[in-house]
Visitor: 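The structure's right below; bear with me while I get my questions together.
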Amino acid sequence: MANRVAHAFDMLADPTRRAILERVGKAPAAVGEIAAGLPVSRPAVSQHLKLLKEAGLVTETASGTRRIYRIDPRGLGAMRDWLDQFWKTSLDNFAAFADAQAKEEKE
């Protein structure tokens, strides 16, 4: 699982892929809708979507002749789970620090 999460983060290092993920995160869309206004071609957007799909960040479904892309909550969930381990540790460390400060002030 760690390798898959690392791969997902690697995919988001590219600003175009981040922009695509943000657009798909707002609403499911076809390639043409996603590409509108981006500084890359539709074929380039398709390639980025392929990479995001391989990383588990988006899924696609057929709708007639179009493919509709949407966020894959499993991929984002895995990334969030990985980040949450640091959040919990940070909160625990902050609580210990705050407790120590309060104890010093009482003494």
Side-chain angles (χ1 to χ4, degrees):
M1 178 162 117
N3 287 338
R4 186 162 180 89
V5 170
H7 182 61
F9 278 112
D10 287 345
M11 289 301 100
L12 293 178
D14 182 277
T16 301
R17 284 193 285 273
R18 285 194 309 272
I20 290 169
L21 190 69
E22 288 172 9
R23 287 176 181 220
V24 173
K26 291 178 184 171
V31 174
E33 297 164 324
I34 297 166
L38 288 176
V40 295
S41 66
R42 284 176 70 167
V45 169
S46 291
Q47 288 299 312
H48 285 296
L49 284 164
K50 179 182 176 186
L51 293 171
L52 289 169
K53 184 178 173 187
E54 289 171 0
L57 296 173
V58 299
T59 61
E60 66 176 323
T61 55
S63 178
T65 59
R66 301 178 340 149
R67 298 262 182 231
I68 305 299
Y69 292 88
R70 61 183 34 88
I71 293 287
D72 187 336
R74 296 168 297 182
L76 288 181
M79 292 174 75
R80 182 174 179 174
D81 290 345
W82 185 82
L83 288 169
D84 279 349
Q85 71 181 323
F86 302 107
W87 182 246
K88 181 178 178 350
T89 301
S90 294
L91 287 177
D92 290 346
N93 289 339
F94 177 74
F97 173 78
D99 289 345
Q101 291 294 316
K103 185 178 179 180
E104 283 181 20
E105 288 176 8
K106 287 182 181 179
E107 293 178 350

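Model, not experiment: these values are computed from the prediction. One is the number of the first residue; the rest follow in order along the sequence.
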Visitor: Looking at side-chain heavy atoms only, is the closest gap between V58 and I20 below 4.5 Å?
Guide: no
Visitor: Less than 4.0 angstrom from a charged side-chain N to a carboxylate O is my criterion; do K88 and D92 meet it?
Guide: yes
Visitor: Would you find more than 12 non-hydrogen atoms of other residues, nucleotides or ligands less than 6.0 Å from R18 atom CZ?
Guide: yes
Visitor: I need the full list of side chain to side chain donor-acceptor pair (under 3.5 Å) pairs touching residues 33-46, with sequence neighbours left out, sorted by first then second residue.
Guide: none
Visitor: Kindly say whether A102 contributes a backbone atom to a donor-acceptor pair with the side chain of E105 at under 3.5 angstrom?
Guide: no
Visitor: Could you tell me the separation between the CD atom of E54 and the CE atom of M11, rounded to the nearest 0.5 Å?
Guide: 8.0 Å
Visitor: Rounded to the nearest 0.5 Å, how far does CG of D99 lie from CD of Q101?
Guide: 10.5 Å
Visitor: For A36, is there any backbone N or O sitting under 3.5 Å from a side-chain donor or acceptor partner on R23?
Guide: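 Yes, because the side chain of R23 sits within donor-acceptor range (under 3.5 Å) of the backbone of A36.
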Visitor: So if you build clusters from Ile, Leu, Val, Met, Phe, Trp, Tyr with side-chain heavy-atom gaps below 4.5 Å, do F9 and F86 land together?
Guide: yes
Visitor: Only distances under 3.5 Å count here; give the side-chain donor-acceptor pairs of residues 68-76 to other protein atoms, sequence neighbours excluded, each with its distance to 0.1 Å.
Guide:
unit_1, atom_1, unit_2, atom_2, d
Y69, OH, E60, OE1, 3.2
R70, NH1, T61, OG1, 3.1
D72, OD1, R74, N, 3.0
D72, OD1, R74, NE, 3.0
D72, OD2, R74, NH2, 2.9

Visitor: What closest approach, in Å, do V45 and A35 show between heavy atoms, and which atom pair accounts for it?
Guide: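 Closest heavy-atom pair between V45 and A35: CG2-CB, 3.7 Å.
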Visitor: Does CZ in F94 sit with more than 12 non-hydrogen atoms of other residues, nucleotides or ligands closer than 6.0 Å?
Guide: no
Visitor: Considering all heavy atoms of both residues, which atom of R67 and which atom of A62 are nearest to each other, and what is their separation?
Guide: NH1-CB, 3.2 Å
Visitor: L49 and V31: which non-hydrogen atoms are nearest, and at how many Å?
Guide: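 Distance-wise, the nearest heavy atoms are CD1-CG2, 3.8 Å.
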Visitor: Going only through I, L, V, M, F, W and Y residues with side-chain contacts under 4.5 Å, is there a path from L91 to L83?
Guide: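 The answer is no; the residues belong to distinct hydrophobic clusters.
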Visitor: What pairs with R17 under side chain to side chain donor-acceptor pair (under 3.5 Å), at least two apart in sequence or on another chain?
Guide: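 H48.
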